[in-house]
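Input: a single structure, listed below in structure tokens.
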4 protein chains.
Amino acid sequence: MLNRVILIGRLTADPELRYTNSGTAVASFTLAVDRMRSGQTGERQTDFINIVVWQKQAEIVAQYLQKGRLAAVDGRLQIRTYDNREGQKVRVAEVVAETVRFLDRGSDTGQSTAGFGGGTTPMNRPRPDRSSAPPLYEDDPFADDSQTIDISEDDLPF
Amino acid sequence: MLNRVILIGRLTADPELRYTNSGTAVASFTLAVDRMRSGQTGERQTDFINIVVWQKQAEIVAQYLQKGRLAAVDGRLQIRTYDNREGQKVRVAEVVAETVRFLDRGSDTGQSTAGFGGGTTPMNRPRPDRSSAPPLYEDDPFADDSQTIDISEDDLPF
Amino acid sequence: MLNRVILIGRLTADPELRYTNSGTAVASFTLAVDRMRSGQTGERQTDFINIVVWQKQAEIVAQYLQKGRLAAVDGRLQIRTYDNREGQKVRVAEVVAETVRFLDRGSDTGQSTAGFGGGTTPMNRPRPDRSSAPPLYEDDPFADDSQTIDISEDDLPF
Amino acid sequence: MLNRVILIGRLTADPELRYTNSGTAVASFTLAVDRMRSGQTGERQTDFINIVVWQKQAEIVAQYLQKGRLAAVDGRLQIRTYDNREGQKVRVAEVVAETVRFLDRGSDTGQSTAGFGGGTTPMNRPRPDRSSAPPLYEDDPFADDSQTIDISEDDLPF
DNA sequence: TTTT
DNA sequence: TTTT
């Protein structure tokens, strides 16, 4: 019904930019969000939260954000379930960003990422080695199904 | 830095009420939050999100909420890491509720759960069998450390 | 940079549906949002917050919401400034809803308002008497300027 | 029922720190929050939103925030009504901050403002001239009523 | 009344 | 697996 998440934190690493079979850009990164235990002193705890960004925003994020940068994310919490190599169900939580704001640097370059231009469907998209990470996006929410012919597991970028 | 989550959804089951060794009440339940793919029609997808509530609110939630009830949760997203039986690191995402609102029923009974009375430290607390669920709270954020002497794994309510 | 508001409350009256000169639908209503003073007992205070909804959502809201209904609003806080009859600058705060959820009634009819169909540009739009309320929308954010020729103050629906 | 506002923006001026009759600190400032009209280019619009902070946070804000600084506010939207000099009802919208984060400067000084120490009831509190601004807080939500004897309009700091 |  |  309603699902809204707002976070501010720092990137633990450079964002990773990938493309689905149908050519949609997806960027992902982890945000280190410091917790503050009210009352008790001296304690510093951190939540490491996975963020996913789609389409034009993905490319802007990949271009302007790096490890250590401070960013604000406004999106929704999503729980994905998949089967790992051992055939066990694994649940992954991530925040699907609707907008990402860059909070660190100078005034105008890439300060925001919403409602921008861009959007050229990329050719020559990179084909990274399959990592041991979960197969993130078997379903591309932005794919135009009619023209995505041959989606095979092996073609997925994750 | 900033970590805010707001959800509306329905309980997938009755909340479970437990107590830490130091006597702090903890309630947990899962919220089914319907997603709505903008643009595409007919699709209904659901995120199942784990919620945790502490102290007085835990007891109010356990008393007034049941499976199927509609509720609003305002809290923060937390990622916990623990080692499972096989010795693997497992990451669990959950929303730690600051407030829970009951949206279904009549006007005044248990309509809200913030800043209420209650709070009697419970005697005869139930000792449920250990489920296969993750050992949720090795660290009780509300424990007064000075008087919690013998925390052993076997005493944990999860 | 970031501007996010989430509210749950009850409508103080039926929503009002209007149309701008360029034919864009706008619905407005007031949400009574109960406050709860933490700590102190027995006090009930209420914030009356003006909500504005545009386009297809405006028509859905006007069709399904009535006085007394419980609703959740997700949007952004906007401060508009205008000159009143006495020539004084007046500031009006309102929440521009991105989505409105209906929380009261049955399961499926009009339960949500995002990404729906509708959208037929209405003919025979009502021309309500000008109230003493502020001239709400001299700027229609959805107007296609090129085809809106003769916007005069007298044609505004507010 | 639920009332949550999250904002990121820049201070239009230094915060003003005042004290109620009962000695509670209150800081107020205005946040300039840039809007971004999705789709249309080149337009930059700004909402000027009044923020109010109470107690220890008020003093931290007054100490560390200045005009032009970037800050994140997490709080609730409140509508106050009062009668102005001409005897007209005036409505004022403001965000009562629960937490304020400082986003501009260096790593550790005053980076956050929640759950901090401080809290010494201030002596020699300043008695600013009454401005033409609205009489902000006839009701001090943190006052211990039993010991606040003689609240008169003239003693209010606003 | 307004910030970069 | 983690950021300042």
Side-chain angles (χ1 to χ4, degrees), chain A residues 7-16 28-36 44-51 61 65-73 92 94 100-112 131-134, chain B residues 1-3 78-83 88-91 93, chain C residues 1-3 78-83 88-91 93, chain D residues 7-16 28-36 44-51 61 65-73 92 94 100-112 131-134:
Chain A
L7 302 170
I8 297 180
R10 293 189 180 277
L11 295 236
T12 64
D14 292 353
E16 295 187 53
S28 54
F29 57 89
T30 298
L31 217 53
V33 181
D34 283 341
R35 227 185 279 174
M36 230 109 16
R44 184 169 311 198
Q45 215 143 343
T46 302
D47 290 295
F48 296 98
I49 301 174
N50 295 332
I51 313 292
V61 156
L65 278 185
Q66 305 93 27
K67 171 175 178 171
R69 290 285 311 271
L70 189 68
V73 166
V92 177
E94 63 211 352
V100 181
R101 305 295 179 187
F102 310 159
L103 298 172
D104 264 336
R105 295 273 193 287
S107 28
D108 255 271
T109 44
Q111 187 75 331
S112 104
S131 73
S132 64
Chain B
M1 301 273 309
L2 178 71
N3 185 335
Q78 177 176 274
I79 311 289
R80 271 185 311 116
T81 311
Y82 71 97
D83 300 288
Q88 303 163 295
K89 286 243 172 298
V90 182
R91 285 159 44 91
Chain C
M1 299 272 311
L2 178 71
N3 184 335
Q78 176 175 274
I79 311 288
R80 271 188 307 117
T81 309
Y82 71 97
D83 298 288
Q88 302 164 296
K89 286 242 170 301
V90 181
R91 285 159 44 89
Chain D
L7 302 170
I8 297 181
R10 294 189 180 277
L11 296 234
T12 63
D14 292 352
E16 296 188 52
S28 53
F29 57 89
T30 297
L31 217 53
V33 181
D34 282 343
R35 227 186 280 175
M36 230 111 13
R44 183 168 310 197
Q45 214 142 344
T46 303
D47 289 295
F48 296 98
I49 301 175
N50 295 332
I51 313 291
V61 155
L65 280 185
Q66 305 93 27
K67 171 175 179 172
R69 291 285 311 269
L70 189 67
V73 166
V92 177
E94 64 211 350
V100 181
R101 305 294 179 190
F102 311 158
L103 299 171
D104 263 336
R105 295 271 193 288
S107 28
D108 254 272
T109 44
Q111 187 74 333
S112 104
S131 72
S132 65

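Naming convention: chains lettered A, B, ... in sequence-line order (proteins, then strands); numbering from 1 in each chain.
- Atom P of nucleotide E:dT4 and atom CZ of D:R44 are separated by 12 Å, given to the nearest angstrom.
- Atom-to-atom, CD1 of C:I79 to P of E:dT1 comes out at 14 Å; the value is rounded to the nearest Å.
- For the pair B:R91/A:N50, a side-chain contact is recorded, criterion being any heavy-atom separation below 4.5 Å from C-beta on.
- Whole-Å rounding puts the A:L31 CG to F:dT2 P distance at 16 Å.
- Nearest heavy-atom pair across D:D14 and D:K67 is OD1-N, 2.8 Å.
- Listed candidates were E:dT1, F:dT3, E:dT2. Nearest to the side chain of A:D34 is F:dT3.
- We find that CG of D:L11 is positioned 8 Å from C1' of E:dT3, with the value rounded to whole Å.
- Minimum atom distance to the side chain of A:T12 is reached by F:dT3, of the listed F:dT3, E:dT3, E:dT1.
- The ring of D:F48 lies on top of the base of E:dT2, close enough and flat enough: under 5.5 Å between centres, under 30° between planes.
- No donor-acceptor contact under 3.5 Å links the side chain of D:T30 to the base of E:dT2.
- Put simply, the side chain of B:R91 and the base of F:dT2 share a donor and an acceptor less than 3.5 Å apart.
- Atom-to-atom, CZ of D:R35 to P of E:dT3 comes out at 17 Å; the value is rounded to the nearest Å.
- When rounded to the nearest whole Å, the span between CZ of D:R10 and P of E:dT1 equals 23 Å.
- Within the model, atoms CZ of D:R10 and OG1 of D:T46 stand 12.0 Å from one another, a figure rounded to the nearest 0.5 Å.
- Residues forming a side-chain contact (heavy atoms from CB on, under 4.5 Å) with B:N3 (at least two apart in sequence, or on another chain): A:L7, A:V33, A:D47, A:I49, B:V5, B:R76, B:L77.
- Rounded to whole Å, the distance from CZ on A:R101 to P on E:dT3 is 20 Å.
- Rounded to a whole Å, the CD atom of D:E16 is 13 Å from the C1' atom of E:dT2.
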